[in-house]
Amino acid sequence: MDNHLQLHLALSTTSTRNLPRNDEKKRKFDESFSDDEMTSNKRTLPLLIWNDNRNMDCGCVDVEEHAVVGWPPVNSRMRKVAEHHRRESTASNYVTVDNGGGGGGGLNSMYVKVEMEGIGIARKINLGIFGSYQALTAALMAMFGKRREMYKLTYRDKEGDWLLAGDVPWERFVRSVRRLKLLKKVW
Amino acid sequence: MAYSFPEEVLEHVFSFLSSDRDRNAVSLVCKSWYDIERWCRRRIFVGNCYAVSPEMVIRRFPELRAVEMKGKPHFADFNLVPEGWGAYAYPWIAAMAEAYPFLEEIKLKRMVVTDDTLELISKSCKNFKLLVLTSCEGFTTDGLASIAANCRHLRELDLRESEVEELSGHWLSHFPDSCTSLVSLNISCLGSEVSFSILERLVARSPNLRTLRLNRAVPLERLANLIRRAPQLVELGTGAYSAEIRSDTFSNLADAFSACKQLKALSGFWDVVPSYLPAMYSVCSGITSLNLSYAAIPSTDLVKLISQCQNLQRLWVMDYIEDSGLDVLAASCKDLQELRVFPSDPFGAEPNVSLTEQGLVSVSEGCPKLESVLYFCRQMSNAALIAIAKNRPNFIRFRLCIIDPQAPDYLTLEPLDAGFGAIVEKCKELRRLSMTGLLTDRVFKYIGSHAKKLEMLSIAFAGDSDLGLHHVLSGCDSLRKLEIRDCPFGDKALLANAAKLETMRSLWMSSCSVSFGACKLLAQKMPRLNVEVIDERGPPDSRPESCSVERVYVYRTVASRQRLDMPDFVWTLDEDSSLRYS
């Protein structure tokens with residue numbers, strides 16, 4: 001039985017069916033892929049540049065400013081309708097924002113911008129859904145596809161100073177943080 | 001024995017076959033059946049207008065009466081296909097107008113249709129009956145005027161979601177007074193006013209009118225008069241559903257509605273004033289389809305309306321319905337088959353309504369016939385998806401869009417692999433799946449192993465490596481359409497599964513890691529695939545071969561791979577394996 005998985009240009013359906021499926025072989029498949037720089041664990045980051053302005057009530061945020069092309073996947077008609085409603089909702093009370101915090105589904109919305117050193121594109125994360133530094137860091141690592149040991153979390157507080165995260169109690173941190181940045185650890 | 005069976009008898013037998021698959025199967029039995037079948041085929045569906053040429057179709061099927069065709073790939077709806085890419089209807093219509101003078105029906109989706117095209121149809125096909133243009137563009141109201149003026153037996157004119165350049169509202173007056181054959185009229189995509197008196201007279205002289213979908217410009221005050229003239233309506237799309245609150249307007253409207261005993265479907269509802277919703281209550285018990293995708297109605301009023309519609313089978317609604325409204329839906333509408341929930345504020349970073357994964361869980365619990373879902377929300381968990389899968393193994397279409405791409409399970413912060421894995425494992429009849437959220441290669445392993453009936457898969461911002469794509473291409477036996485954006489999938493999986501691509505209609509990959517070199521290789525090895533490199537940065541051979549292309553669109557075709565209408569940002573391989581562009 002062939003132990004080494006060969007990946008080659010498959011010219012007929014029969015050859016693709018011959019690809020073994022069990023886990024041991026899969027590991028080889030994995031290995032052969034990670035040889036190639038292009039297809040290794042790189043995760044494509046969305047080209048998402050969120051507007052730092054947390055106050056969305058102004059209704060004046062230009063859609064194009066913070067949109068990835070074609071995301072979310074709503075067609076142009078729906079997009080126009082959404083724009084129209086956004087303008088209307090500031091004036092009317094048709095839409096109630098449920099920010100009850102906890103319970104049913106209300107979220108404590110505290111979005112901050114997150115950057116990672118070496119990655120040109122920033123992301124935004126809702127601090128309100130985390131309860132600890134550990135949870136936050138885990139989520140950030142998952143988001144950027146990196147390993148926790150390699151990075152340290154820093155933040156900019158409301159005074160504008162950049163500090164290492166973890167020194168103050170979580171609640172105090174959440175109240176003062178304005179921006180996050182993950183820096184590579186220098187050994 | 002086949003050769004002594006009269007052709008007329010076989011033809012008669014074949015006339016009972018309506019499905020394309022059956023007819024295709026029949027035509028493969030033997031040469032004589034192939035010949036008989038092709039002469040008696042009246043309807044054809046071309047899923048990709050570039051998969052075959054008009055000449056080939058006409059040569060094989062000389063007696064068509066109805067043609068349905070699709071052009072641009074689905075992601076064109078989200079601006080991922082640059083303007084000018086193609087899908088022009090004219091060459092098809094020009095060839096068919098000549099070959100099929102008795103052509104009756106044309107249905108086009110995502111194609112560029114010009115006024116000339118419409119005029120040609122109206123003047124060449126004397127018996128023309130039905131025109132449906134879904135998400136098409138390129139024509140003006142002048143083209144519509146030609147159709148109205150010249151198609152004496154027109155039954156259906158349906159402009160679903162098309163982009164029409166509106167030069168004047170008078171096109172409607174081109175329907176001659178003698179035209180009384182209308183069964184269906186859908187002008188909901190038009191922005192400007194049409195003459196109300198013309199519209200009323202047209203409706204009044206169309207006793208067979210079953211479907212009337214008005215545009216936003218038709219005010220609520222006019223709606224009652226229109227409905228009164230067509231109490232036989234089965235499907236109604238209102239215009240703007242707002243007016244000053246007056247009891248006479250209300251009672252007029254309520255009376256008009258109550259006369260419509262056959263009404264099954266409602267849509268429209270721009271600019272809703274909720275106080276007018278009760279005017280419709282008399283028809284609600286008969287309503288099976290309710291499209292409120294454009295309606296900003298507060299949850300409480302939505303709930304009142306929906307709880308009247310006990311026989312609802314299809315609901316399209318905005319997320320204003322919230323979890324609480326979906327709970328009511330789950331309790332009231334036990335016949336519900338399809339639910340679509342659209343985002344009212346898709347670009348806002350923060351939720352504006354209380355709609356979460358819980359709403360979908362409720363509906364999946366409460367509605368035993370639910371089989372088709374499109375759901376936009378801002379948070380999801382594996383637990384919810386697993387519950388949904390357990391509740392509703394009968395899903396055929398499951399499309400979930402979490403607004404923040406790569407959002408993890410909000411409870412555990414893990415990827416949503418397990419959740420979607422449960423969906424494909426439990427829902428054995430699943431034909432269409434769209435996924436979002438934080439997803440690793442593992443989810444694709446589940447999909448490859450379980451989703452054996454999956455025909456269409458949409459992936460965005462997911463996966464870790466080519467292994468993900470490989471799992472899908474090697475495992476999904478029924479896959480026809482695969483569309484991928486912003487995933488780290490590249491050459492290896494593509495090339496290793498090249499043969500699979502010929503069993504599919506198409507593959508779309510944009511902002512992935514497919515190199516130009518791989519595209520060339522694929523095109524060289526697979527002569528019946530058209531590998532279109534769609535790149536707006538200039539000729540791909542001006543960059544290293546290992547450079548990723550912006551977009552690649554691969555589709556099987558028996559027509560020439562050098563389509564003549566390629567714009568300057570599309571590259572395909574020439575016969576002599578050199579790069580070719582227009």
Side-chain angles (χ1 to χ4, degrees), chain A residues 7-13 15-16 19 26 29-30 33-34 36 38-44 46 48 50-51 56 61 63 66-79 81-82 85-86 88-89 94-98 104-107 109 111 124 126 129 135 138-139 142-143 145, chain B residues 75 77-80 161 189 293-294 296 298 320 323 342-356 358 376 379 401 403 405-406 408 410 413-415 438 460-461 464-467 470 474 485-488 490-492 495-500 503 511-513 515 521 525 546:
Chain A
L7 262 190
H8 52 176
L9 180 61
L11 293 175
S12 67
T13 42
S15 50
T16 52
L19 286 173
K26 195 197 87 182
F29 187 104
D30 226 339
F33 273 14
S34 59
D36 185 350
M38 263 200 309
T39 53
S40 65
N41 290 328
K42 270 186 205 145
R43 180 192 300 285
T44 308
L48 209 64
W50 288 99
N51 190 317
M56 302 302 258
V61 177
V63 157
H66 56 65
V68 179
V69 173
W71 195 266
V74 288
N75 63 28
S76 56
R77 214 157 280 279
M78 190 61 63
R79 241 176 277 143
V81 167
H85 288 168
R86 173 196 276 270
E88 300 267 293
S89 70
Y94 278 0
V95 176
T96 57
V97 179
D98 184 10
L107 296 172
S109 313
Y111 281 78
K124 215 167 187 185
N126 178 5
I129 64 172
M143 206 186 264
Chain B
F75 274 359
D77 286 355
F78 316 126
N79 292 345
L80 293 179
E161 324 247 314
C189 63
S293 338
Y294 303 127
Y320 295 123
D323 288 342
F342 296 102
S344 53
D345 189 17
F347 302 106
E350 297 157 37
N352 59 325
V353 292
S354 185
L355 179 108
T356 69
Q358 197 42 54
F376 282 81
Q379 64 185 49
C401 181
I403 301 277
Q406 299 192 322
Y410 79 101
L413 301 173
E414 281 171 8
L438 187 65
F461 305 103
D464 307 311
S465 73
D466 269 41
L467 193 55
H470 174 70
S474 59
R485 63 163 296 176
D486 294 274
C487 296
D491 304 344
K492 288 207 163 114
L495 294 173
N497 293 282
K500 170 72 172 177
T503 68
S511 306
C512 296
S513 312
S515 73
L521 190 58
K525 296 297 180 191
S546 56

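In the text below, chain A, chain B and the rest are named by the order of the sequence lines, each starting its count at 1.
- Both the backbone and the side chain of B:Y294 come within contact range of chain A, judged by heavy atoms closer than 4.5 Å.
- Proximity to chain A (any heavy atom under 4.5 Å) is restricted, for B:F376, to the side chain, taken from C-beta onward.
- Here the closest heavy-atom approach between residue B:E161 and residue A:N75 is recorded as OE1-ND2, 3.4 Å.
- Summarising the geometry of B:S344 relative to A:A82, their closest heavy-atom pair is O-CB, 3.5 Å, with the distance given to 0.1 Å.
- Nearest heavy atom pair, residue B:N79 against residue A:R79, reads ND2-NH1, 3.2 Å.
- When heavy atoms are compared at a cutoff of 4.5 Å, A:V81 approaches chain B solely by way of its side chain, counted from C-beta outward.
- Between B:P343 and A:P72, every side-chain heavy-atom pair lies at or beyond the 4.5 Å cut-off.
- Residues B:P405 and A:W71 come closest through the heavy atom pair CD-NE1, 3.4 Å.
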